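Lettering follows sequence order; numbering is per chain, from 1. Treat the numbers as computed from the prediction; the structure is a model and nothing was measured.
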Amino acid sequence: METTKKEWQPKIVGFLCLWCSYSGADLAGSGRIKYAPNVRIIKVPCSSRVDPMFVIKALQNGADGVLVSGCHPGDCHYQSGNYNARRKFALTEKLLEIFGIDKRRVMFAWVAGSEGPKLAQVMDEISRTVKELGPNQLFSDKN
Amino acid sequence: MKEKKISEDKLPELLKTLKDKFLVLVPEENDGVIEFKALGDTYAPLPGFSNSTRPVRTLFHLTYEPMFQFANSEEGFSLEEIQPEEVKRVIFGVRPCDANALGIIDNLFKDTYEDSYYLKRRENTYIIGLGCDTHDDACFCTSLDVSPVFSQNVDLMFNLIDGTFIIKSNTEKGEELLLSLSDLAEAKDEELQKLNEKEEKIKESISRNVNLENIDSRMRANFENSSFWQKVSGKCIGCGICTYNCPTCHCFDIIDEESKEGKGARFRCYDSCAFPLFTKMPMENPRHYKWERVRQKVHHKFEYFPLNFGVIACVGCGRCIRQCPVNWDITEVINEISKPDNKG
Amino acid sequence: MEEKLKKEVAALFDEKKIDYFVGYAKGSLMHKTTPLITKDKEEALKTVINPFIYNNLACYLRELPGRVGVVVKGCDSRSVVSLLQDNQIFRENLTIIGIPCSGLIDLEKVVSGIQVERHEITSIERQGDKVAVKAGGKEKTFEAEDLLFDKCLNCVLPVPKEADIMIGDKDSPPVNKEKSYHIIKKLKEEESAERWNFWKDQFKKCIRCYACRNVCPACSCTRCFVEVNRPQWVSPVQKWQDNLVFQMIRTIHVAGRCVDCGECERACPASIPLRSLQREMGDNVKELFGFESGMDKDEKPLIASYKDTDPNEFMR
C-alpha cells in the first residue's frame, strides 16, 4: 500500500458536548483554523453523557487516544452536567492508572462554544501526544 | 492385560518418555488455581487431596473456540471452517469423577449431531486417570456410583499403593500406550488386594451422600412445588461458578464477532442456565426468576439428562459445593426433595 | 453473643416486626457458614455468629419483599447505607442487627499456615490477638493478623454505625496496613506497562462466571451493561480482553459504592486479586472527593453530587 511511506497517523475518538465543544469545533472550522485531523468527533448531548466505559471501549476497539470535551464549569446547558461529569473523569484517569494504561492517551478538556482556537489547540495537543506514544497495542493478542 | 506397576519415583521419567510423542498435560498449581498444563522439565505431584479447579471437560469442550471465520471484501464473501488442531495429547492425573463425566457428556456430543470439535479432541487424547488417596468434605462420588479409584472412561488408571503405582489398562488405546512404554513389571496379587482395600476405605470415609432412591419420580412430583424452589434458591446469587466449573454442564452460546474491516469469526462459548440472559437471544428465557433457573439446573442433571440418555449428569466431584461463594449445596437440596413431608 | 442474637430475632418475629430474617447459618462444609434467609422463626434460630461469617448479606436486600431483619458486620452496614443512599432499599423496611467485628478468619490462610487441609482441621478458635488451630495431632497458635482477611487489617468501620439493634460490645480487628495493601503496594511500585501485563495475565484466568458482580451489594443494576447487547459492550466470548474490560468498567461503576468488603475476591474461583482494584479505587475516591462509601445515609451518592472545589487541574 502506498500509505506505508507516510508517517503513522493516530486514530483518536473525540466525545464533544453538543452545546459548547462541538460548537467550538464549528467555530474553528468557520474561522478556517487549521488543526490536526486525527480526532473523529462523536457529538454527545452533554459531557456527562460520557460514561467512563465509552473511553475504555474506544481504547479496546482500537482507538489510539480518546478526547472528552464539554462546557466550562458553570456553563453547562443542563446546569450541573459537567460538574457530575468531572467526578467521573477524575476517576477515569485513576482507573487507567490502576490498570496500567498510559493516561496520556486520554484527555479531558473544557472548551466553550466561543473557543475555536482553544479547540484547535486541544486537537493538536492530543494528536501530538498520542503520536509520540505510538499505536495502542494494549488489547492486542500479539505481545 | 494384567495390571502393571511402576515405583513412584519413576513416574516423572515415564511422563518424560511420553512427552517425546505426545503433548503431556499434568495438573499444576499456579496462582491459586490448579490447571492442566503442558509438562515442563519434571513432574511434581500435588500434595494431599487435590483436583483441578476446572474439570477436565474444559480441555475438550473449550470455554470458547472459533468455528469458522469469514471475510467480506470487494472480491466477495468468503468463509473458512476452523477445526481444532489435531494434536495427540496425554492428560495425566484425571480424577475418576471427571473421567466419568466425560463418558456422560460423550452421549450428548455424539447424539443426533456429532460434534466434531469435542469428538476429535476426545479421539486424539489419551486419558490417564489417577485414583484418589483421600477426599475432602465436598466429595460425594460414591453416591453416584463413581469409584474413587477407577473409571470406565480412562485409558490407563494409576493408583498409588505404598510408593508404587498400580497401572490398569482399560481400553485398547491404553494398551497401545502401555506397550509403547519400556517394560513394566506386573503387579502382584497382594498389591491388587491392597488396592481393593484402599477403595473400600475411601468409600467408607466419604460421608456426604445424596439420596437417589426413586429420584425421577421424586423430581417430577416436586417440579411444581414453587415454594420449595423459592426457599432453596434464596441464598443462590445466580453466578455461573457451579455450571462453568461443572464436569457435566455443557451449555454454550454462539456468537459472531466482526471487525470493522468486515472480517470476523463465529465463536462457540460457554453459557449458563444460571444467567437471566440465557437463551434470550433466539427467543426468550422462559425462566424469569432465580428459583426457576436453580430448578432448571437441578432438574437437568437429575431428571432431563437421565430421561434422554439414561444416566444422571452428576459425578459427585463436589466443585459446585466447594467453590460456591454462599455454600449452596446441591446434595442438601436433592435430599430435601426426598422427604415425604416436604411442603416447602 | 449468639444467644443474644437468637433472643432478639425471636422477639422480632414475635412482635411481627419482620417478615424475613437474613443472617448466617452453619455451612455444609467444615468451618464455613452460609447465608440464612427465612420467613420462619424456628429456622431463623439456627443463626450463628463466628469468625467465618464472611458473606455480605446486603446483596440480598434488594430482592427481598417486605420487612427484613438483617445481620450486618461493619463493612456490610456500609453496603446497606450505600444502598439506602441510592434509594435501592428503604430504611423503614429494615431492621439492622449490627455485630461489632474483630476480623474474619481467612480459611485459605489457615490452610497454608498449618499445612493441613480445611476439612481435616478440627478447630479454629479466636482468642483475642491469637488464633489456635487444631488439626489431627497438630496444634498451632497464630497471631490473628496472620490469619485474618487482608481487608480486615485495614478496616474502616468495625462497629456498624447504622444499626437498630447491637449485639455485643465494641470490637475491632488488629490494624496492619502493610499486610492489607501488599498487592496494591507491589503494583504501585511497578511501571504502568508491567501493571497492565499483570492484570492481563490475571484476566486470562477469568471464566466470566460473574460471581464478583453477583456477590457485590454495590452492583445493584437490574440489568448490567454486560447483559445489554445493543450495543454489545462486552462480548460473551470469554477472551481476556473482554474479561478485563468487564472488570475495568465494573471497577468504575462501583466507585463510591464499594465498601471494601472483599467479597469479589473471596468469591472468585480463579483467585484473581479483585479486591486490590476496588480498594485502590476507593482510596482514590477518598483522596479526590473526601468521600467514603456508606458512612452516612443522608449523604448523596458520589456521582450524583459534586462540589465546586472538586479537582479540576487534570482538565485541559
inquiry  = Heavy-atom cut-off 4.5 Å, strictly under: side chain, backbone, both or neither for A/Lys118 against chain C?
reply    = side chain
remark   = Bottom line for C/Ser276: the part with an atom under 4.5 Å from chain A's heavy atoms is neither
message = Is A/Met53 close to chain C through its backbone or its side chain, or both, or neither, when contacts mean heavy atoms under 4.5 Å?
response = both
key: Part of A/Lys88 within contact of chain C (heavy atom distance under 4.5 Å)   = both
message = Counting only non-hydrogen atoms closer than 4.5 Å, does C/Leu288 touch chain A with its backbone (N, CA, C, O), its side chain (CB onward), both, or neither?
response = side chain
query = At a heavy-atom separation under 4.5 Å, does C/Lys239 approach chain A through its side chain, its backbone, both, or neither?
reply = neither
message = Out of C/Phe289, C/Phe198, C/Trp199, return the one with the most heavy atom pairs under 4.5 angstrom to chain A.
response = C/Phe289
request  = Heavy-atom distances under 4.5 Å only: say whether C/Trp233 touches chain A with side chain, backbone, both or neither.
outcome  = both
task = Measure A/Ser48 against the heavy atoms of chain C and call it side chain, backbone, both or neither at under 4.5 Å.
result = neither
query = If we ignore angles and hydrogens, is there a donor and acceptor under 3.5 Å between the side chains of C/Trp240 and A/Asp141?
reply = yes
query = Looking at A/Ile101, A/Leu96, A/Asn61, which has the largest count of heavy-atom pairs under 4.5 Å with chain C?
reply = A/Ile101
task = Say whether C/Arg316 and A/Ser69, considering side chains only, have a donor N or O and an acceptor N or O under 3.5 Å apart.
result = no
C/Ile184 portion near chain A, given a 4.5 angstrom heavy-atom threshold = neither
request  = Describe, in one word, how the ring planes of C/Phe314 and A/Phe108 are oriented to each other, choosing from parallel (under 30°), tilted (30 to 60°) and perpendicular (over 60°).
outcome  = perpendicular
key: Per-residue contact mode, A/Glu97 against chain C (heavy atom under 4.5 angstrom)   = both
Within-4.5 Å side-chain heavy-atom neighbours: C/Phe225 and A/Asp51 = no
